[in-house]
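We name chains A, B, ... by the order of the sequence lines, and we start the count at 1 in each one.
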There are 2 protein chains.
Amino acid sequence: MTVPESPIRLLLADDHPVVRAGLRAVLETEPDFEIVADVPTAEQAVALAAQLDVDVVLMDLQFGGRMLGSQATASITAREGAPRVLVLTTYDTDADILAAIEAGATGYLLKDAPPEELAAAVRTAAAGKSALAPAIALRLMDRMRAPATALSRRETEVLQLVADGLSNAQISKRLFLSQATVKSHLVHIYSKLGVDSRTSAVAAATGQGLIRR
Amino acid sequence: MTVPESPIRLLLADDHPVVRAGLRAVLETEPDFEIVADVPTAEQAVALAAQLDVDVVLMDLQFGGRMLGSQATASITAREGAPRVLVLTTYDTDADILAAIEAGATGYLLKDAPPEELAAAVRTAAAGKSALAPAIALRLMDRMRAPATALSRRETEVLQLVADGLSNAQISKRLFLSQATVKSHLVHIYSKLGVDSRTSAVAAATGQGLIRR
DNA sequence: CCCGGCATCAATCAAAAGGTGGAAGCCGGG
DNA sequence: CCCGGCTTCCACCTTTTGATTGATGCCGGG
């Protein structure tokens, strides 16, 4: 790989100091990379991505704070001439992956990726091409192949509340629905997931990463 | 802090290359630390802890592979003149914390700890004193204060199967019990956790790290 | 423009789960 | 040795959940 005249300018966003240091250490050795900043919050990532001249943002998905990585990704990619966003996360729930891609992320990597893979993904992203980790790509393929597993937005919402331990009555109040509607959603969820009870639905959905645990 | 004549010799065990690099970067700057090796598996950690002369092992809990960090911790601390083990993890389920401490870990840290805290914990561990992250210490205090939260072995077993999505009938068959007994266990579980349904029991228990998710 | 999926609701019946109040044997600690 | 917690079980009753069937309005793609 030849070293280009202008280096790829990177912004790192992760709430773990150790991970930021690790990314710095791994990426700084690449001659064509320049790390312009690293920040511990999604808010700062949004702010700096706008202020500084950045090519690629490496963004964690789960921050300790309130703003989600996917929201930050959406904010960053919304503006003109926005940098590419490479999502970098540990665990991979289907919902998160889809949220990130919908938010405009150019790529999606797992933190256990080897350094070379990481560097390659950054270059791919800088070139404007999408970079998905093999495990993630597989997930998406599975998703495409079995569209039955895809829960609708509302269904996911209901199932998440079920997983939080709410009864049908509580869910109906929370979402301003009748219990009949909640039951109806659940029937559809069960048939899509191939189960026949709320607990097994939660187990199946968490297993597939459809909802947060 | 004065620099001792002999540095503290460290072994890093984490399956994420980025985290290993980050720990190296953060800890290498400390003049009294010497990193003798970093490994990506629990098995290698056990092997090297025995071969090399190590003072403190920084051990991740969740490895991608089969061996658990807590098992590795137990293996390492079992032998004579064993190094201290500092457990370093992202998420903190009560079960994991207790398992690690029972396995002989000297300390328990969260990965979002700032570098200074990390270094301080390593020195504390090297001196043979226990090092617990504030959040973890809090957890343990809570645990002590509210013994009602402690489920019995059998109750935990039942609740785990509930979380896996089994019905009372399925659980009774699996454990060779009558449904009456399963119900009885569940009633006790509900009162201990302060809930009134299986789904909320699962939610509460996973929230407190009482069962695997 | 029409079909299908989504979201909303109703009614009814059957099954599962939860609540209550026991009871018995086992085992370990004060 | 006796008390209390754990584990096992029973019966009865209420509430919740699941299964079925059917209906309405909305919206987006072929």
Thinking salt bridges, do [X] and [Y] make one under a 4.0 Å N-O criterion?
X	Y	answer
A:Arg9	A:Asp55	no
A:Asp15	A:Arg20	no
A:Asp164	A:Arg174	no

### Task
Would you mind classifying the nucleic acid contact of A:Ser184 as base, sugar-phosphate or nothing, using non-hydrogen atoms under 4.0 angstrom?
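The answer is base, as A:Ser184 lies within the cut-off (heavy atoms under 4.0 Å) of a base atom.
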Write down the distance between [atom1] ([X]) and [atom2] ([N]), rounded to a whole number of angstrom.
X	N	atom1	atom2	result
B:Leu186	D:dC6	CG	P	15 Å
A:Arg198	C:dG18	CZ	C1'	13 Å
A:Ile189	D:dA19	CD1	P	13 Å
A:Lys192	D:dA19	NZ	P	16 Å
A:His185	C:dC9	NE2	C1'	10 Å
B:Tyr190	D:dT16	OH	C1'	11 Å
A:His188	C:dT8	NE2	P	12 Å

Listed nucleotide nearest any side-chain atom of B:Val187, set C:dT20, D:dC9, D:dT20: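 Ranking C:dT20, D:dC9, D:dT20 by closest atom to the B:Val187 side chain puts C:dT20 first.
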* Asked: Hey, does the side chain of A:Arg154 come within less than 4.0 Å of C:dT8's phosphate (OP1/OP2), counting only N and O?
  ->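 Result: yes.
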query: Do any side-chain nitrogens or oxygens of A:Arg153 fall under 4.0 Å of OP1 or OP2 in C:dC6?
result: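 It does not, given that no N or O in the side chain of A:Arg153 lies less than 4.0 Å from OP1 or OP2 of C:dC6.
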**Asked** Just how far is it from atom NZ of A:Lys111 to atom CG of B:Asp14, taken to the nearest 0.5 Å?
**Response**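 Spacing of NZ (A:Lys111) from CG (B:Asp14) equals 11.0 Å.
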Item to check | Point-to-point distance, once rounded to the nearest 0.5 Å, from OG of B:Ser152 to NE2 of B:His188 | outcome: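 Spacing of OG (B:Ser152) from NE2 (B:His188) equals 9.5 Å.
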Practice task
Establish, from distance only, whether the side-chain atoms of A:Ser178 and A:Thr181 form a donor-acceptor pair under 3.5 Å.
Solution key: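 There is such a pair between these side chains.
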Under-3.5 Å N/O pairs linking protein and nucleotides 13-15 of chain C:
none

*asked:* Tell me if the side-chain of A:Ser152 makes a donor-acceptor pair with the base of C:dC6, cut-off 3.5 Å, by modelled atom types.
replied: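 Per atom types, no contact qualifies.
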Test item: B:Ile211 and B:Leu151 side chains (from C-beta on) under 4.5 Å apart, heavy atoms: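 SC-SC contact between B:Ile211 and B:Leu151 ruled out.
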### 4.5 Å side-chain heavy-atom contact, A:Leu11 and A:Asp38
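Side-chain contact under 4.5 Å: no.
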* Asked: Heavy-atom contacts under 4.0 Å between residues 164-181 of chain A and DNA chain D, which residues?
  ->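 Nucleic-acid contacts, sorted: A:Ser167, A:Asn168.
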* Pick one: which of A:Asp53, A:Thr77, A:Leu52, A:Ile76 meets side chain to side chain contact (heavy atoms under 4.5 Å, CB included) with A:Pro83? ->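 Looking at A:Asp53, A:Thr77, A:Leu52, A:Ile76, the match for A:Pro83 under the side chain to side chain contact (heavy atoms under 4.5 Å, CB included) is A:Ile76.
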